[in-house]
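As structure tokens, the structure follows; a few thoughts come after it.
Everything quoted here is computed from the prediction, not taken from an experiment.
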Number of protein chains: 2
Amino acid sequence: MPIQPQIIPNLSVDCVVFGFDFDTKSLNVLLTKRYLECDVNQKVLIDDFVLTGYHVLENEDIDQTATRVLKELTGLDNLYKKQFKVFGNPNRLMNEKDRIWAQKENFNERTITIAYYFLLQASEVSLNDTKREAHWFPVNNLPVMGFDHLDIITDAYNDIKIKVLTEQIMFDLMPIKFTLNELQSAYEIILDVTLDNRNFRKKVLTKPYIVPLQDKKKVGTAKKPSQLYMFSKDVYFKLTEKDAIISTII
Amino acid sequence: MPIQPQIIPNLSVDCVVFGFDFDTKSLNVLLTKRYLECDVNQKVLIDDFVLTGYHVLENEDIDQTATRVLKELTGLDNLYKKQFKVFGNPNRLMNEKDRIWAQKENFNERTITIAYYFLLQASEVSLNDTKREAHWFPVNNLPVMGFDHLDIITDAYNDIKIKVLTEQIMFDLMPIKFTLNELQSAYEIILDVTLDNRNFRKKVLTKPYIVPLQDKKKVGTAKKPSQLYMFSKDVYFKLTEKDAIISTII
DNA sequence: GCAAAAGTGTTCTCAGTACACCCATGA
DNA sequence: TCATGGGTGTACTGAGAACACTTTTGC
């Protein structure tokens, strides 16, 4: 890639893309492959995974950088995004592999990265579309990773676990129409808890912003069709802030 | 101020210092004066307030920068600090006064700032000590401010209001020994709510990490002396995370 | 003895929790 | 008709909320 004249060489944005996968029932992270062979003897120098990121451009707000990176990676726009932490340790790119890579890619060795996470459903992204070799990995079973990206993912995941209890970010991980059992699964997997189905339903149904779609039912492979619901942001944002804060799960 | 060769010219840290003042019963922010006269006609060009900040040094972690800035401003160390957001809008230093100031201080016009907030009691800081002209202002009654610093304070304050409900950051704003009525006042002022005194006491006293100091009482100007309490971090951190998350006020 | 702040108890309501069986469907 | 996942009701417990008076002290 040629050097872009307008990038800010010591400032990058890294994106942790979380995708919920209802088939495997897991919370996944989208990673791209980092691979390098030695010019001389073809020995593999680097073979691991990293988050997707890019440098900030001179005339660009940081949020825009994050949006741009994600658009390029997934083709998607308008997703929930959260700028959650800056990683600026002077040694964060200083191990052997990372230095080789930084040299190859013309990074500044003292690059500070602003980390974002995004929430979506894994099924929204078609991995073939992208030129980068991107793969989903369960957040609890990640591969060997470069830079400090494992730390970044860990921090992002911890932040999400808290936000799931206090904000309605869950609905960015769900399809527009979902069943209550799907919603329960999602909570159970992300928080690593088990919930009582009857109590969960009871609680959910007290929330005015979770509205049943009376006319539609979902057909599984077989079995009883189930009621679909949707999340109404309109209703949700009409509630007082305090209601939202004090609610715990859902 | 001479140019320091090792600063990173496009990266700064700004510190929002919150201090709780029990005399005025207000949550205050520590600001420093920004003043400039025209060389030619002595007309006042800039006369407002800003947060305290400084550029990040080449071999310094960002947290260290924040700690260093605060130490210089207040003489204090080991305070609760939270890196809460990055402000990187390309136009954030672009209004007239800010450009004049940036030129005078040799800033990069596209400086990205990493914002921290700190919590302490206003009485811990002696404002005379510092060479900068620093003043406390109630967070609900701030003066005219430079740059985007009003936005930064607003965001910090919103973050604190949420954290007060989910984490025990309140105790960083309180003296080591405090009465229950003082604690209640602090909650009421920060969250802008009123609480029932009997219910508040009842709830607080169920918390094992709030321990009465049996031997000591506080003497007000007159009137009945009151029981002092302290917050035990030891006890608090032995409780499960879940207990901590689910609790609301206190 | 009075002004000022500290401290105290009870009742009610509602939300959370524990717990086990029937229902609708497609094969 | 049966295997599979969807869906339901009740009783108990504990926390939150409403509410007004007594106590201790210095002056």
Side-chain angles (χ1 to χ4, degrees), chain A residues 22-25 165-166 174-175 177-189 191 193-229 239-240 242-250, chain B residues 22-23 25 164-166 174-175 177-189 191 193-229 239-240 242-250:
Chain A
F22 279 98
D23 296 329
T24 60
K25 295 210 169 197
L165 293 169
T166 54
M174 302 292 294
K177 301 174 180 183
F178 53 86
T179 71
L180 295 190
N181 287 346
E182 285 169 344
L183 184 61
Q184 185 182 338
S185 287
Y187 275 109
E188 289 180 332
I189 290 158
L191 294 173
V193 293
T194 59
L195 301 172
D196 180 87
N197 181 252
R198 279 168 294 190
N199 293 337
F200 181 79
R201 300 175 93 85
K202 215 188 309 169
K203 187 166 182 183
V204 169
L205 295 177
T206 65
K207 307 294 169 181
Y209 48 81
I210 296 186
V211 292
L213 301 170
Q214 285 143 321
D215 50 324
K216 302 203 179 184
K217 306 239 173 191
K218 183 193 183 185
V219 185
T221 40
K223 317 306 134 40
K224 183 175 178 177
S226 55
Q227 176 71 52
L228 288 170
Y229 292 82
L239 300 176
T240 68
K242 197 159 266 181
D243 285 345
I245 287 170
I246 288 172
S247 73
T248 53
I249 289 187
I250 278 256
Chain B
F22 279 99
D23 296 331
K25 295 212 171 197
V164 154
L165 293 169
T166 55
M174 301 292 295
K177 301 173 181 183
F178 54 86
T179 70
L180 295 191
N181 287 344
E182 285 169 344
L183 184 61
Q184 183 182 339
S185 287
Y187 276 108
E188 290 180 333
I189 290 157
L191 294 174
V193 293
T194 59
L195 300 172
D196 180 87
N197 182 252
R198 279 167 294 187
N199 293 338
F200 181 81
R201 300 174 94 84
K202 216 186 306 170
K203 185 166 182 182
V204 169
L205 295 177
T206 64
K207 306 293 169 184
Y209 49 82
I210 295 186
V211 292
L213 301 170
Q214 285 142 323
D215 49 323
K216 303 202 173 184
K217 307 239 175 192
K218 183 191 183 187
V219 185
T221 39
K223 318 306 137 40
K224 184 174 177 177
S226 57
Q227 176 71 49
L228 288 170
Y229 292 81
L239 300 176
T240 68
K242 198 157 265 180
D243 284 348
I245 287 171
I246 288 172
S247 71
T248 53
I249 288 188
I250 277 251

A/Thr206: what forms a side-chain hydrogen bond (donor to acceptor under 3.5 Å, both in side chains) with it, not counting sequence neighbours?
-> none
Set of side-chain contact (heavy atoms from CB on, under 4.5 Å) partners for A/Asn181, sequence neighbours left out = A/Thr179, A/Gln184, A/Asn197, A/Arg201
side-chain contact (heavy atoms from CB on, under 4.5 Å) involving A/Lys202 - partner list, sequence neighbours excluded = A/Asn199
Whole-Å gap separating [atom2] ([N]) and [atom1] ([X]):
| X | N | atom1 | atom2 | answer |
| --- | --- | --- | --- | --- |
| A/Arg201 | C/dG16 | CZ | C1' | 18 Å |
| A/Leu205 | D/dG6 | CG | P | 15 Å |
| B/Leu180 | C/dA5 | CG | C1' | 14 Å |
| A/Phe178 | D/dG5 | CZ | P | 21 Å |
| B/Gln227 | D/dT25 | CD | P | 13 Å |
| A/Lys207 | C/dG16 | NZ | P | 7 Å |
| B/Phe200 | C/dA5 | CZ | C1' | 16 Å |

To the nearest 0.5 angstrom, please state how far the CD1 atom of B/Ile189 sits from the OG1 atom of B/Thr194.
-> 12.0 Å
How many angstroms lie between OH in B/Tyr187 and CZ in B/Phe200, if you round to the nearest 0.5 Å?
-> 6.0 Å
Would you mind building the protein contact string for nucleotides 17-24 of chain D? One character per nucleotide, 5' to 3', B for base within reach (heavy atoms under 4.0 Å), S for sugar-phosphate only, - for untouched.
-> BBBB--BB
For B/Tyr229, all residues meeting ring pair (Phe, Tyr, Trp, His ring centres under 6.0 Å), sequence neighbours excluded = none
